[in-house]
Amino acid sequence: MSLPFDLRGKRVWVAGHRGMVGQALVRRLATEGCELVTVGHHALDLRRQAETEGWLAQARPQVVFVAAARVGGILANDSRPAEFLYDNLAIEANVIHGAWTVGVEKLLFLGSSCIYPKLAPQPMPEAALLTGPLEPTNEWYAIAKIAGIKLCQAYRKQYGADFISAQPTNLYGPGDNFDLQSSHVLPALVAKAHRAKVEGAASLPVWGSGRPLREFLHVDDLADACVHLMTHDSSPVPTNVGTGDELSIRALAELVCEVVGFRGDLVFDASKPDGTPRKLVDTTRLRGLGWAPRVGLREGLAGAYAWYREHVAAAG
Ligand code: GFB
């Protein structure tokens with residue numbers, strides 16, 4: 001396929017446009033001169049094949065970003081394995097196959113850094129895929145995401161479809177899920193620190209040992225990387241997207257407390273799982289394609305907290 005791929009004038013479907021990633025893609029694509037196509041999940045359930053194919057036949061997008069997915073933090077993944085496996089398998093199979101049947105020119109599927117083995121070499125290169133056992137707390141989600149990457153590779157190999165994939169590290173930003181039972185660590189700590197500050201609590205509960213290392217990418221950086229890959233990449237390789245920086249959960253909790261203005265103690269809850277010890281992605285490939293992140297963690301965290309105060313805390 002000839003590169004760069006031009007998005008101008010193209011009908012572009014962001015599948016999952018109401019999620020945190022989908023919203024960021026919609027914001028980012030506003031400057032690309034393309035025609036955005038979206039459909040809400042009440043009008044179309046992407047887990048239903050006939051509905052999805054019928055909608056695609058009528059909407060006729062030329063480009064697709066697959067940001068629709070069942071997502072959640074460590075506890076949601078661990079306690080709802082059927083939903084994380086079935087919903088994600090169904091969504092990606094229907095969207096990817098349906099896109100091929102209507103002749104979509106280019107598609108980008110969003111995977112996740114949890115596709116790599118629990119004890120993969122760090123930073124994790126794309127070549128680490130399928131080289132060892134997965135982290136048990138999110139293996140259901142990981143297996144579904146691996147299947148999505150493999151679908152893109154299979155449709156490329158058998159039919160010549162220009163379907164690519166991106167593997168983001170842990171994401172955060174405006175539009176995040178702040179529900180303590182289902183969220184990821186960063187929004188959970190923001191919500192907990194805010195509540196502790198408002199209530200004048202003495203301490204902030206943090207799950208696990210605080211020792212696992214995580215990398216955090218602002219969702220606006222991810223959206224920018226996705227557009228860069230869509231326009232500059234045409235390869236079966238599932239490209240990693242990250243910052244190259246990691247910190248411990250303890251250090252993250254300390255930074256959140258500083259940004260939120262909570263001065264109490266951290267209390268670690270050993271009854272909650274740590275998950276994978278470390279998952280830093282190797283971004284050599286993406287940097288080689290000419291992309292680098294822009295949003296630093298402190299600045300991104302301050303923005304996410306401002307969004308939380310305005311949209312979640314203010315609403316009670
Ligand atoms: O972000 P998180 O839920 O998921 O948790 P993963 C990361 C780490 O933060 C774990 C700890 O060690 C948690 O125990 N943690 C501390 C907390 N306090 C909290 C809290 O209040 N809430 C949460 N949620 N965690 C996810 C996968 O793994 O990574 C998904 O489950 C996805 O499938 C995503 O791949 C990128 O980073 O462990």
Side-chain angles (χ1 to χ4, degrees), residues 19-21 67 69-81 83-85 87-89 110-120 122 124 129 134-149 165-173 176-196 203-219 222 238 240-243 246-257 260 262 266-281 297 301 304 308:
M20 175 174 70
V21 173
R70 167 78 58 199
V71 297
I74 193 164
L75 202 61
N77 268 266
D78 204 23
S79 54
R80 290 155 45 202
E83 283 172 58
F84 278 81
L85 183 55
D87 289 357
N88 287 308
L89 283 173
L110 274 151
S112 164
S113 61
C114 70
I115 58 165
Y116 294 115
K118 178 181 174 98
L119 300 177
Q122 305 286 326
M124 307 181 294
L129 183 62
L134 298 164
E135 154 60 32
T137 52
N138 59 30
E139 66 173 317
W140 321 95
Y141 180 73
I143 283 172
K145 288 292 177 185
I146 292 169
I149 295 163
S165 66
Q167 318 314 317
T169 192
N170 289 37
L171 301 169
Y172 72 98
D176 212 339
N177 168 20
F178 290 86
D179 171 72
L180 297 184
Q181 289 310 305
S182 58
S183 65
H184 289 97
V185 60
L186 191 148
L189 290 176
V190 166
K192 289 198 275 195
H194 178 79
R195 191 188 300 170
S203 62
L204 174 73
V206 181
W207 295 358
S209 67
R211 283 191 297 270
L213 296 166
R214 292 292 185 272
E215 178 186 15
F216 296 94
L217 178 70
H218 194 276
V219 73
L222 173 70
N240 288 338
V241 189
T243 62
E246 63 185 344
L247 77 172
S248 69
I249 297 301
R250 175 190 286 274
L252 174 73
E254 287 166 356
L255 184 61
V256 168
C257 289
V260 170
F262 172 67
L266 302 178
V267 175
F268 293 90
D269 175 358
S271 72
K272 293 288 194 307
D274 266 351
T276 198
R278 199 178 169 197
K279 53 172 170 176
L280 181 65
V281 292
L297 182 56
L301 193 47
Y308 169 81

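Position 1 is the first residue of the sequence; numbering continues from there. Atoms within a ligand are numbered from 1 in the order they appear, just like the ligands themselves. From a predicted model like this one, the values you see are computed outputs, not experimental measurements.
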Given the rule in the side-chain contact (heavy atoms from CB on, under 4.5 Å) test, do Y172 and L297 qualify, once you have shown the distances and angles that lead to the verdict? CA-CA 10 Å; Y172 72 98; L297 182 56; 3.8 Å; yes
V206/L189 under side-chain contact (heavy atoms from CB on, under 4.5 Å): CA gap, chis, key distance, verdict: CA-CA 8 Å; V206 181; L189 290 176; 4.2 Å; yes
For F216 and V185, what are the C-alpha separation, side-chain angles and deciding distance, and is it a side-chain contact (heavy atoms from CB on, under 4.5 Å)? CA-CA 10 Å; F216 296 94; V185 60; 3.8 Å; yes
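Under 4.0 angstrom from ligand 1, there are no non-hydrogen atoms of A76. Of the heavy atoms in I74, both backbone and side-chain atoms come closer than 4.0 Å to ligand 1. Residue contacts with ligand 1 for Y141 involve side-chain atoms from C-beta outward but no N, CA, C or O (heavy atoms, distance under 4.0 Å).
Residues P273 and T137 share a closest heavy-atom pair of CB-CG2, 4.2 Å.
Which parts of ligand 1 touch D274 is read off a 4.0 Å heavy-atom cut-off, strictly below it: atoms 10 (C), 12 (O). Near P212, with a cut-off below 4.0 Å to any heavy atom, the atoms of ligand 1 are 12 (O). Counting the atoms of ligand 1 from 1 in the order shown, those under 4.0 Å from a heavy atom of G73 are 3 (O), 31 (O). Each of the following atoms of ligand 1 lies closer than 4.0 Å to a heavy atom of G72: 30 (C), 31 (O). Against a heavy-atom cut-off of under 4.0 Å, A188 is close to the following atoms of ligand 1: 20 (C), 21 (O), 22 (N).
Under the 4.5 Å side-chain criterion, counting only non-hydrogen atoms from C-beta, V71 is not in contact with N177. L301 places a side-chain heavy atom less than 4.5 Å from the side chain of V256. Two residues are said to be in side-chain contact when any heavy atoms from C-beta on lie closer than 4.5 Å; I149 and Q167 meet this criterion. Here the side chains of W207 and L75 are in contact, with some heavy-atom distance below 4.5 Å.
Between the side chain of N88 and the main chain of R70, a donor-acceptor pair closer than 3.5 Å is present. Judged by distance alone, with hydrogens and angles left aside, the side-chain atoms of E215 form a donor-acceptor pair with the main-chain N or O of T243 at under 3.5 Å. When atom types are taken as modelled, the side chain of D269 and the backbone of P205 share no donor-acceptor pair closer than 3.5 angstrom. Side chain of K118 to backbone of P277: no donor-acceptor contact under 3.5 angstrom is found.
Scanning the protein for heavy atoms near atom 8 (C) of ligand 1, the closest one is I249 CD1, 3.6 Å. With hydrogens left out, the protein atom closest to atom 5 (O) of ligand 1 is V185 CB, 3.9 Å, a heavy atom. In terms of protein heavy atoms, atom 26 (C) of ligand 1 is closest to K279 NZ, 3.7 Å. In terms of protein heavy-atom proximity, atom 38 (O) of ligand 1 is nearest to R214 NH2, 2.9 Å. The single protein non-hydrogen atom nearest to atom 14 (O) of ligand 1 is P273 O, 2.6 Å, given as residue, atom name and distance. For atom 31 (O) of ligand 1, the closest non-hydrogen atom on the protein side is N77 ND2, 3.1 Å. Of the protein's non-hydrogen atoms, the one nearest atom 18 (N) of ligand 1 is W207 N, 2.9 Å. Remark: minimum distance from atom 36 (C) of ligand 1 to any protein heavy atom is reached at N170 OD1, 3.3 Å.
Between P205 and ligand 1 there is no heavy-atom distance shorter than 4.0 Å. Residue contact annotation: T137 has no non-hydrogen atom under 4.0 Å from ligand 1. For the ligand labelled ligand 1, residue S112 lies inside the 4.0 Å heavy-atom shell. At least one heavy atom of K192 sits closer than 4.0 Å to an atom of ligand 1.
Looking at ligand 1, you won't find any N or O of S113 less than 3.5 Å from one of its N or O atoms.
By the neighbour-count criterion of 12 heavy atoms within 6.0 Å, atom CZ of R195 is sparsely surrounded, having that number or fewer from other residues, nucleotides or ligands.
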